[in-house]
*Asks:* 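Pasting a structure below so you can have a look.
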Amino acid sequence: MLYGKIQIMKTHAIIPVFIPHKGCPNDCVFCNQKAITARTADVSPEDVKNLIERYLPTLENRGLETIEVAFFGGSFTGIPMEEQSAFLAVAKEYKDRGLIHKIHMSTRPDYINEDILDNLKKYDADIIELGVQSFDPQVLAASNRGHEADDVYKACDLIKRYGFELGIQLMIGLPEDSLEKCIYSANEAVKIGPSIARLYPTIVLNDTELLEMYRRGEYDPLTTEEAVAITKEMYKILDDAGINIIRVGLKSTDLITEGGEIQGHTYHPAFRQLVEGEIAREQLEDQLQALLKKADTPKAKETLCDPEKCAFAFVSSGPSFSNMIGNSRANKIYFEEKYPDLKIRFKSDPSLEDGKYIVVEC
């Protein structure tokens with residue numbers, strides 16, 4: 001497969017190009033290299049050009065401010081330099097013509113050095129995402145990542161010194177991982193200061209060492225509930241630091257098994273909404289409890305016990321309304337069951353910032 005589904009946000013589109021790194025010497029326990037190499041034919045620069053030509057007409061008249069060509073796959077900067085240059089030259093041609101605005105790629109921390117970055121500068125690349133996964137040495141070793149935490153810090157420092165936009169990808173629930181280690185990784189990411197981040201719960205895929213560890217009883221996958229709870233805390237840390245979290249959880253098209261079973265229960269097609277819905281519920285309930293505690297006079301207490309007189313509005317922006325309601329109406333059901341004597345209405349307000357929720361007594 002050369003490409004995935006084009007990603008279109010409000011004013012931003014990404015044309016993803018899958019460049020397999022078949023020569024990767026690492027065998028991370030969660031990675032299904034067999035499926036990658038078996039299903040992906042060699043990709044040529046001409047293939048990339050044809051892909052861009054196919055997608056660009058679909059992006060016209062959408063009011064987009066930014067169009068990116070993004071090279072994803074095993075590790076873009078791990079392929080031979082001349083191949084990198086050939087792919088980058090195609091993207092640069094479209095950037096020079098003003099048809100795309102940014103060139104984006106993902107890679108590993110140990111595939112970053114000055115020669116690689118000099119070459120990326122030559123072709124006017126913009127964004128480098130690092131598959132960091134964890135900052136904890138035990139987690140990196142148990143996951144057979146093939147590099148140490150120091151490599152992450154060195155790579156991030158180099159990328160930022162060269163003036164590239166930095167992205168960091170973190171995984172949740174790897175071998176030897178824990179809530180505390182995930183929180184540590186999120187805090188370390190904040191110290192480094194990437195502009196974008198992705199959060200991925202670990203999925204046990206077929207034909208991986210992680211699956212064998214699971215079968216031997218050496219690894220327990222997180223439940224969906226556990227993964228949501230940990231990811232939520234990491235999300236809040238990154239979001240509070242102003243880091244743009246561009247993905248939470250894998251898309252179905254990211255799952256590289258074909259017709260195979262996903263072991264465990266971590267994968268959920270709406271994982272991001274589960275996480276953001278939990279955050280919305282926390283914000284709403286904190287505010288609701290604060291309003292209820294203010295009702296400390298006899299008259300106020302009497303009013304708050306009267307469902308005919310007591311009403312609250314939960315308010316969000318339009319784009320955040322589904323998170324406020326919750327996946328499968330989970331938040332709405334939660335408040336109805338926990339506060340049966342309160343009348344609660346859910347409303348949208350376009351003046352509110354996305355991801356912010358307020359409670360108003362009415």
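Counting begins at 1 with the first residue of the sequence.
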*Asks:* Quick one: side chains of residues 129-137, donor-acceptor pairs under 3.5 Å with protein atoms, not counting sequence neighbours, listed by atom name and distance.
*Replies:*
from	atom 1	to	atom 2	distance (Å)
Glu129	OE1	Gln169	NE2	3.0
Glu129	OE1	Arg198	NE	2.6
Glu129	OE2	His104	NE2	2.6
Glu129	OE2	Arg198	NE	3.1
Glu129	OE2	Arg198	NH2	2.8
Ser134	OG	Asp136	N	3.0
Asp136	OD2	Gln138	N	3.0
Asp136	OD2	Val139	N	3.0

*Asks:* Are Ile279 and Ile172 linked, directly or through intermediate hydrophobic residues, by side-chain heavy-atom contacts shorter than 4.5 Å (ILVMFWY only)?
*Replies:* yes
*Asks:* If you look at every heavy atom in Asp177 and Cys182, which pair is closest and at what distance?
*Replies:* OD2-SG, 3.3 Å
*Asks:* Look up atom OG1 in Thr202 and atom CG in Leu250, then write down how far apart they are to the nearest 0.5 Å.
*Replies:* 9.0 Å
*Asks:* For the pair Cys28 and Arg108, evaluate side chain to side chain contact (heavy atoms under 4.5 Å, CB included) and give the outcome as yes or no after the intermediate values.
*Replies:* CA-CA 12 Å; Cys28 302; Arg108 290 169 52 93; 3.9 Å; yes
*Asks:* Check the pair Leu238 / Val190 against side chain to side chain contact (heavy atoms under 4.5 Å, CB included), numbers first and verdict last.
*Replies:* CA-CA 6 Å; Leu238 298 174; Val190 168; 4.0 Å; yes
*Asks:* Given the rule that I, L, V, M, F, W and Y join up when any side-chain heavy atoms are under 4.5 Å apart, are Ile333 and Ile344 in one cluster?
*Replies:* no
*Asks:* Between Met213 and Leu210, is any pair of side-chain heavy atoms under 4.5 Å apart?
*Replies:* yes
*Asks:* Before you tell me yes or no, could you show the steps for Arg272 and Ile245 under side chain to side chain contact (heavy atoms under 4.5 Å, CB included), namely the whole-Å CA-CA distance, both residues' side-chain angles and the distance that decides it to 0.1 Å?
*Replies:* CA-CA 10 Å; Arg272 181 171 194 139; Ile245 305 167; 4.3 Å; yes
*Asks:* Side chains of Asp126 and Lys95: closer than 4.5 Å at any heavy-atom pair?
*Replies:* yes
*Asks:* Consider only side-chain heavy atoms of I, L, V, M, F, W and Y, link residues closer than 4.5 Å, and tell whether Leu166 and Phe164 are in one cluster.
*Replies:* yes
*Asks:* So, applying side chain to side chain donor-acceptor pair (under 3.5 Å) with Asp157, which one of Arg161, Lys160, Lys154 is it?
*Replies:* Arg161
*Asks:* Would you say that Ile128 contacts Leu117 through its side chain, given a criterion of any heavy-atom pair below 4.5 Å between the two side chains?
*Replies:* yes
*Asks:* Rounded at 0.5 Å granularity, tell me how far CG in Asp124 sits from CD in Glu93.
*Replies:* 14.0 Å
*Asks:* Without swapping roles, check the side chain of Asp47 against the backbone of Ser44 for a donor-acceptor pair under 3.5 Å.
*Replies:* yes
*Asks:* I'd like to know if the side chain of Thr77 reaches the main chain of Tyr111, judged simply by a donor and an acceptor atom lying under 3.5 Å from each other, with no hydrogens or angles considered.
*Replies:* yes
*Asks:* Side-chain heavy atoms under 4.5 angstrom apart, residues restricted to Ile, Leu, Val, Met, Phe, Trp, Tyr: same cluster for Val315 and Val359?
*Replies:* no
*Asks:* I want to check something: taking the side chain as every heavy atom from C-beta on, are Glu180 and Ile183 in contact at a cut-off of under 4.5 Å?
*Replies:* no
*Asks:* As a quick check of understanding, evaluate side chain to side chain contact (heavy atoms under 4.5 Å, CB included) for Arg345 and Cys362, giving each step before the final call.
*Replies:* CA-CA 10 Å; Arg345 294 184 297 160; Cys362 52; 3.6 Å; yes
*Asks:* Please check if atom CG in Asp220 has more than 12 non-hydrogen atoms from other residues, nucleotides or ligands closer than 6.0 Å.
*Replies:* no
*Asks:* Please enumerate all residues that pass ring-ring contact (aromatic ring centres under 6.0 Å, His included) together with Phe321, with sequence neighbours excluded.
*Replies:* none
*Asks:* Does a donor on one side chain sit under 3.5 Å from an acceptor on the other, for Tyr94 and Glu53?
*Replies:* yes
*Asks:* I'd like to check Val152 versus His147 (side-chain heavy atoms, cut-off strictly below 4.5 Å). Are they in contact?
*Replies:* yes
*Asks:* Distance check, rounded to the nearest 0.5 Å: Glu225 atom CD versus His268 atom NE2?
*Replies:* 9.0 Å
*Asks:* Report yes if the side chains of Tyr55 and Ile67 come closer than 4.5 Å at any heavy-atom pair, otherwise no.
*Replies:* no
*Asks:* Could you tell me which non-hydrogen atom of Ile358 sits nearest to which non-hydrogen atom of Leu284, and how far apart they are?
*Replies:* O-CD2, 4.1 Å
*Asks:* For Ser106 versus Phe72, what's the shortest heavy-atom pair and its separation?
*Replies:* OG-CD2, 3.5 Å
*Asks:* To the nearest 0.5 Å, what is the distance between OG (Ser178) and OH (Tyr184)?
*Replies:* 12.0 Å
*Asks:* Check this for me: Lys347, atom NZ, are more than 12 non-hydrogen atoms of other residues, nucleotides or ligands nearer than 6.0 Å?
*Replies:* no
*Asks:* Checking Glu285 against Tyr339: is there a side-chain donor and acceptor pair closer than 3.5 Å?
*Replies:* yes
*Asks:* Side chains of Tyr123 and Gln84: do they bring a donor and an acceptor to under 3.5 Å?
*Replies:* no
*Asks:* Where do Ala155 and Pro109 come nearest, in terms of heavy atoms and distance?
*Replies:* CB-O, 3.4 Å
*Asks:* Backbone N or O of Thr223 within a donor-acceptor pair of the Glu226 side chain at under 3.5 Å?
*Replies:* yes
*Asks:* So does Leu64 get a backbone contact from the side chain of Thr11, meaning a donor-acceptor N/O pair under 3.5 Å?
*Replies:* no
*Asks:* Are Val228 and Leu179 joined in one hydrophobic group, where the rule is that I, L, V, M, F, W and Y side chains link up if heavy atoms are under 4.5 Å apart?
*Replies:* yes
*Asks:* Distance check, rounded to the nearest 0.5 Å: Phe30 atom CZ versus Leu205 atom CG?
*Replies:* 10.0 Å
*Asks:* For the residue pair Tyr357 and Gln287, confirm or rule out a side-chain donor-acceptor distance under 3.5 Å.
*Replies:* no
*Asks:* Are more than 12 heavy atoms from other residues, nucleotides or ligands located less than 6.0 Å from atom CD of Glu148?
*Replies:* no
*Asks:* Search all heavy atoms of Ile243 against all heavy atoms of Pro194 and return the closest pair with its distance.
*Replies:* CG1-O, 3.5 Å
*Asks:* Which one of Ile79, Val17, Ile103 satisfies the side chain to side chain contact (heavy atoms under 4.5 Å, CB included) criterion with Phe87?
*Replies:* Ile79
*Asks:* When you measure from the side chain of Asp286 to the backbone N and O of Gln283, does any donor-acceptor pair fall under 3.5 Å?
*Replies:* no
*Asks:* Does Arg215 come within less than 4.0 Å of Glu212, counting only side-chain N to carboxylate O?
*Replies:* yes
*Asks:* Distance check, rounded to the nearest 0.5 Å: Ser320 atom OG versus Leu352 atom CG?
*Replies:* 8.5 Å
*Asks:* In the structure I gave you, are the side-chain heavy atoms of Glu278 and Leu274 within less than 4.5 Å of one another anywhere?
*Replies:* no
*Asks:* Under 3.5 Å, side chain of Asn331 to main-chain N/O of Gly277, donor-acceptor pair present?
*Replies:* yes
*Asks:* Just by modelled atom types, is the Phe346 backbone N or O under 3.5 Å from a matching donor or acceptor in the Lys332 side chain?
*Replies:* no
*Asks:* Under a 4.0 Å threshold between the charged nitrogen and the carboxylate oxygen, would Arg216 count as salt-bridged to Glu209?
*Replies:* yes
*Asks:* When you check the side-chain N and O atoms of His12 and Glu68, is any donor under 3.5 Å from an acceptor?
*Replies:* yes
*Asks:* Considering only NZ, NE, NH1 and NH2 on the basic side and carboxylate oxygens on the acidic side, decide whether Lys236 and Asp240 come within less than 4.0 Å.
*Replies:* no
*Asks:* So, for Leu291 and Phe312, which heavy atoms are closest and what is the spacing to 0.1 Å?
*Replies:* CD1-CE2, 3.7 Å
*Asks:* Taking the side chain as every heavy atom from C-beta outward, state whether Leu56 and Ile100 have any atom pair closer than 4.5 Å.
*Replies:* yes
